[in-house]
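Here is the structure we will look at.
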Number of protein chains: 2
Amino acid sequence: MARDTRRGMIITAVQVLRERGADGLTVEEVLLRSGAPKGSVYYHFPGGRTELLDEALTYAGNTVSALLNRAATDGPESVLQEFIDIWRHVLTDSGYTAGCPVVAVAVSRTESEELADKARGFFNQWATALTNAFLAEGMSESTARQLATLSIATIEGAVVLCRAHRSITPLEDALAQLRTLINCHRFARDNFTLAP
Amino acid sequence: MARDTRRGMIITAVQVLRERGADGLTVEEVLLRSGAPKGSVYYHFPGGRTELLDEALTYAGNTVSALLNRAATDGPESVLQEFIDIWRHVLTDSGYTAGCPVVAVAVSRTESEELADKARGFFNQWATALTNAFLAEGMSESTARQLATLSIATIEGAVVLCRAHRSITPLEDALAQLRTLINCHRFARDNFTLAP
DNA sequence: GTCTATACGAAGATAGAC
DNA sequence: GTCTATCTTCGTATAGAC
């Protein structure tokens, strides 16, 4: 069926995007790994490689946004734990060759300005979701925003270290300290104000 | 002179590595941007593209290692500030297209296992230098190590966000919270023990 | 040390058959 | 919807002249 072929190619494209980066994604590899018919690429994706890349980014970005929005009500702690669990699977399943698809687009040559804008849009969505989670904890506007930025930067950076070390430890260590910081803010909120 | 041509190509290669990534680095672009003679590539680099990449990674990684080792005696605060200053220049000078060369190699396809090992080696060097800086502050072994990992992850991740947002703000925000966390550990060390 | 010419392979894209 | 040429561009690498 047409829809299945298209959808299968998009999901495979996300995987390739994770492993090869945006510039390294080739239609041929997506074709091979998805098992999609070789002759139907430009039927399903008239825009060719660029359209496939766009769809992969959108699919991946929205998935994470949904996860982060759901977690804003569950509290930041559970979000972070969920991220560790997800990344443990993604990293081990890929032999530590997979990274974040949105990062992959953000650091790519990005012929089309549109893709770069979309990647930035996802980072903003994620930051907003996390900021709201921290605001719900009673933190100040600026603290919540900075903590959200730190959280995203930490996870994205730690994933790179995990790939290099072929181990989940960097992510666990980094997030352990991030949790400590969150608890420090709670402690400060409950007892006194920390010096700026 | 021979040495100048070779050295110039390496320095240009670092720049290209930052912007295009390891897989995206082409000998042609290094040639064009360095102004090096077009016919002398394989004279200076018998190993071709791979050798050029290797030299660029070594040069860049060692530069940062030197900076971090020097800063281990100056205290972590001054290191972080120095990193903000350096990245501000690198990012603005490149129009927010440049990233970390070691990260670029770490997430690349990396035909040669040797390059990947070297990249991981640099991450380890940096982590050790920062760990020592935190140990000098009187922190525990595990806290120092985790903080070092968090610091590197935060900077590397924040740089990606800076590139996406075309702004230095993410790095400043993330490092502001990192400083807060460091101060929390100092406060805890001086007054009591935080719950794990 | 540096140049030109050439071989080779990889990948995107299009045209037209089935 | 899918397939098979075929065209084109680009990048690495080598050979041999200067």
Side-chain angles (χ1 to χ4, degrees), chain A residues 1-57 97 101 104-105 108-116, chain B residues 1-57 97 101 104-105 108-116:
Chain A
M1 299 158 191
R3 285 294 114 182
D4 281 3
T5 297
R6 191 180 144 87
R7 182 180 165 80
M9 285 188 71
I10 292 173
I11 291 178
T12 302
V14 173
Q15 185 67 17
V16 175
L17 179 56
R18 292 190 115 110
E19 297 177 22
R20 309 295 193 203
D23 298 324
L25 178 145
T26 67
V27 178
E28 198 185 352
E29 186 170 3
V30 174
L31 236 28
L32 253 68
R33 291 169 61 161
S34 67
K38 287 119 191 70
S40 61
V41 183
Y42 288 87
Y43 173 81
H44 294 296
F45 303 90
R49 201 192 89 103
T50 305
E51 184 177 348
L52 183 54
L53 206 49
D54 194 306
E55 295 286 0
L57 172 64
T97 63
V105 170
S108 74
R109 199 185 304 242
T110 301
E111 326 82 51
S112 64
E113 191 65 31
E114 190 191 334
L115 274 185
Chain B
M1 298 154 189
R3 284 296 114 181
D4 282 2
T5 297
R6 190 181 144 87
R7 183 179 163 80
M9 283 187 71
I10 293 173
I11 292 178
T12 302
V14 173
Q15 185 69 17
V16 175
L17 180 55
R18 292 189 115 110
E19 299 177 20
R20 310 293 193 202
D23 297 325
L25 179 145
T26 67
V27 179
E28 198 183 352
E29 184 169 4
V30 174
L31 236 29
L32 254 69
R33 290 171 60 162
S34 67
K38 288 121 190 70
S40 61
V41 183
Y42 288 87
Y43 172 79
H44 294 296
F45 301 90
R49 198 192 92 102
T50 305
E51 184 177 350
L52 183 55
L53 205 50
D54 194 304
E55 295 286 1
L57 172 63
T97 62
V105 170
S108 75
R109 200 184 304 241
T110 300
E111 324 83 51
S112 64
E113 192 65 31
E114 191 191 332
L115 274 185

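Reminder, nothing fancy here: chain letters follow the sequence lines and each chain counts from 1. From a predicted model like this one, the values you see are computed outputs, not experimental measurements.
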- Whole-Å distance, B/Met9 CE to C/dT2 P, equals 10 Å
- Query: Using Watson-Crick pairs (N1 to N3, plus N6-O4 or O6-N4) and G-U wobble pairs, both distances under 3.5 Å, which stems of at least 3 pairs involve DNA chain C?
  - Reply: C:1-18 with D:1-18
- Item | Length of the line joining B/Lys38:NZ and D/dT14:P, which is rounded to integer Å | 20 Å
- Among the candidates D/dT12, C/dT2, C/dG12, find the nucleotide nearest to the side-chain atoms of B/Pro37. C/dT2
- Quick note, A/Ser40 side chain, CB onward, closest among C/dT2, D/dT14, D/dT2 is D/dT2
- Task: Output the single nucleotide from C/dG12, D/dA13, D/dT2 whose closest atom is nearest the side chain of B/Arg49.
- Result: D/dA13
- Task: Mark yes when over 12 heavy atoms from residues, nucleotides or ligands other than B/Arg7 sit less than 6.0 Å from its CZ; otherwise mark no.
- Result: no
- Task: Sequence neighbours left out, what passes salt bridge (charged side-chain N to carboxylate O under 4.0 Å, His left out) with B/Glu51? Give chain and number order.
- Result: B/Arg6
- Message: My understanding is that only one of B/Asp23, B/Val16, B/Leu25 makes a side chain to side chain contact (heavy atoms under 4.5 Å, CB included) with B/Leu53; could you say which?
- Response: B/Leu25
- Between the CD atom in A/Gln15 and the OG1 atom in A/Thr97, the distance rounded to the nearest 0.5 Å is 7.0 Å
- Relative to the 5' end of DNA chain C, which residue comes earlier, A/Gly39 or B/Gly39, by the nucleotide with the nearest heavy atom? B/Gly39
- Item | Any B/Tyr43 side-chain N or O less than 4.0 Å from OP1/OP2 of C/dT2 | no
- OG1/A/Thr5 to NE2/A/His44 distance, rounded to the nearest 0.5 angstrom? 4.5 Å
- Message: Within residues 18-34 of chain B, which residues have any heavy atom lying less than 4.0 Å from an atom of DNA chain D?
- Response: B/Leu25, B/Thr26, B/Val27, B/Glu28
